[in-house]
Amino acid sequence: MRLRPVPVAIAIVLPLASCGETSGPSDAGCNRGTLNHGTSVSGTLASGSCKGTSEFGQRYVEYTTTVSSGQRYLFTLRSDAAWRPILQLINSADPLAGAHTGWSDELAGTGAHSQLMFVSPYNGAVTLRVTAGAVDNPGAFTLQSRQCGGSDVPIRAGAVFDATIDANDCVMHNRFAEVDSAHADTFILYLGRYEAKTITIKARGTSAGVFKPAFVLTGPFIAGSSTSKWAYAVSSSDSLSIPVEGGSTGGDYMLAVMGAAPDMYGDYALTVGPTAP
C-alpha cells in the first residue's frame, strides 16, 4: 500500500509492524481459553509461560477466538506492567498464512498497547498470541476484542457514509502516532491489485470547522506474510482527502476514522471515489 502527497495539511506515518518471532507451532498447555468478541480477558506473562523457539525465546500465551468471513475486528493488547506488548493472530488451519502482527507502541511501559485491525477472509477459530519480545518475566496484561461502530459493507468507489464519533466508539492506541487513544469508527475498504482510490473525510453539520479528521488504514491478510503494513494520516483542518493504492495483493483493507485528538467527537462524511488523473 502506498500513499501519495495531497494538498492538505497532514502527517503520514508508514511503519512496519514487527515481531522477533514468526508464529511457529504452539506448545501444549499454552492456550488460556476463549476470547469472545465484545469482552476482555486478563492474564500474566511469567517465567512459567510457554517459550518460543526463536533465538529470542519469547514467553507467550494464547487465546482462541472465532471469526467470520468479511467481518472486521479490533484486537487490543495492553500491558499492565512496564513492558512492550506484541499481539499476533495465527490461523492454525492454514500453516501457509503465517502470523498477522499488530502494531505496537514505540515506547514500552505500563499501559503500552499492541493493536490489530483485521478483516477476516475465512470462518472459524483463530489463535491470538500474546508475547513481549525477549523479556522473561514481563507481567500482567489485558486482551480485548471489539467490533466497532461503522460498517461491515465493503466501501466501493462512490460510496458516502454519514457518521458520528462519540465516547462509545472503539479506541485506537499508538504512542508513535500524533493521535493516541482517539475514538474511531471502522470500515472495510476494498482495493484491487494496485487499484487507486481517494478517501475523503469532512466534518459536517455543527462539527464543521471544529472536528478535525484522522485515519488509520491497514492492509489485508496476505498468505506467507508475517508483517502487516499500515498507514496513518491526520489533518489540521476539518477536511482530509488523500489517495491510497492497493498493494500487490488485492483485498479488504480496514479503515478507522477518528478525530485528531483523544476527546475529539463530531459528525463527519466519509466518501470514497476514484483518484483524479
Side-chain angles (χ1 to χ4, degrees), residues 15-67 73-95 97-118 120 124-147 170-177 180-181 218 221 225-228 230:
L16 282 176
S18 62
C19 182
E21 178 186 9
T22 55
S23 58
S26 299
D27 294 328
C30 297
N31 194 286
R32 295 292 183 264
T34 300
L35 175 65
N36 295 316
H37 301 301
T39 67
S40 62
V41 293
S42 297
T44 302
L45 273 177
S47 57
S49 301
C50 291
K51 195 169 186 178
T53 56
S54 76
E55 60 180 304
F56 300 103
Q58 296 97 330
R59 299 289 179 182
Y60 70 92
V61 295
E62 295 177 339
Y63 293 86
T64 299
T65 192
T66 301
V67 294
Y73 302 94
L74 179 68
F75 300 108
T76 302
L77 172 63
R78 179 186 188 274
S79 63
D80 295 328
W83 55 284
R84 183 180 180 222
I86 298 171
L87 179 62
Q88 291 181 300
L89 185 148
I90 303 163
N91 180 11
S92 58
D94 184 3
H100 194 62
T101 305
W103 68 81
S104 296
D105 285 343
E106 293 299 304
L107 302 175
T110 302
H113 293 84
S114 180
Q115 202 153 39
L116 196 157
M117 291 164 56
F118 179 68
S120 178
V126 295
T127 297
L128 295 172
R129 177 174 291 187
V130 175
T131 188
V135 180
D136 190 63
N137 190 18
F141 64 85
T142 303
L143 177 63
Q144 181 187 57
S145 173
R146 287 199 64 182
Q147 291 177 290
C170 290
V171 178
M172 306 302 297
H173 298 283
N174 184 16
R175 294 179 182 177
F176 181 79
D180 181 29
S181 304
T218 65
F221 188 86
S225 173
S226 60
T227 59
S228 174
W230 62 282

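Scanning both residues, N91 and A125, for their nearest heavy atoms gives OD1-O, 4.1 Å. Contact between T142 and S40 at its shortest, heavy atoms only, is CG2-CB, 4.2 Å.
Between R146 atom CZ and Q115 atom CD the span is 10.5 Å, to the nearest 0.5 Å. The OG1 atom of T39 sits 8.0 Å away from atom CD of Q144, with the distance rounded to the nearest 0.5 Å. For the atom pair I86 CD1 and W103 CH2, the distance stands at 15.0 Å (nearest 0.5 Å). F141 contributes atom CZ, which lies 8.0 Å from atom OG of S42 (distance to the nearest 0.5 angstrom). To the nearest 0.5 Å, atoms CG (L74) and CG (L116) are separated by 8.5 Å. Between T131 atom OG1 and L45 atom CG the span is 6.5 Å, to the nearest 0.5 Å.
The closest side-chain heavy-atom distance from Y73 to V67 is below 4.5 Å. L35 is listed as a side-chain neighbour of L143, based on a closest heavy-atom distance under 4.5 Å. Inter-residue side-chain proximity for R129 and L87 is flagged as unmet; no heavy-atom pair is nearer than 4.5 Å. In this structure, the side chains of V41 and R32 stay at 4.5 Å or more apart for every pair of heavy atoms.
Classification of the H37-F75 ring pair by plane angle, with boundaries at 30° and 60°, yields tilted.
Shown here are the side chain to side chain contact (heavy atoms under 4.5 Å, CB included) partners of S79, two or more places apart in sequence or in another chain: W83, P85, A112. Every residue meeting the salt bridge (charged side-chain N to carboxylate O under 4.0 Å, His left out) condition with R78, not counting sequence neighbours, appears here in chain and number order: D80.
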Discussion item. One pair to check against side chain to side chain contact (heavy atoms under 4.5 Å, CB included): V126 and T65. What are the steps and the verdict?
Written reply: CA-CA 6 Å; V126 295; T65 192; 3.5 Å; yes
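For the residue pair E62 / T127, no side-chain donor-acceptor distance below 3.5 Å is found, with atom types taken as modelled.
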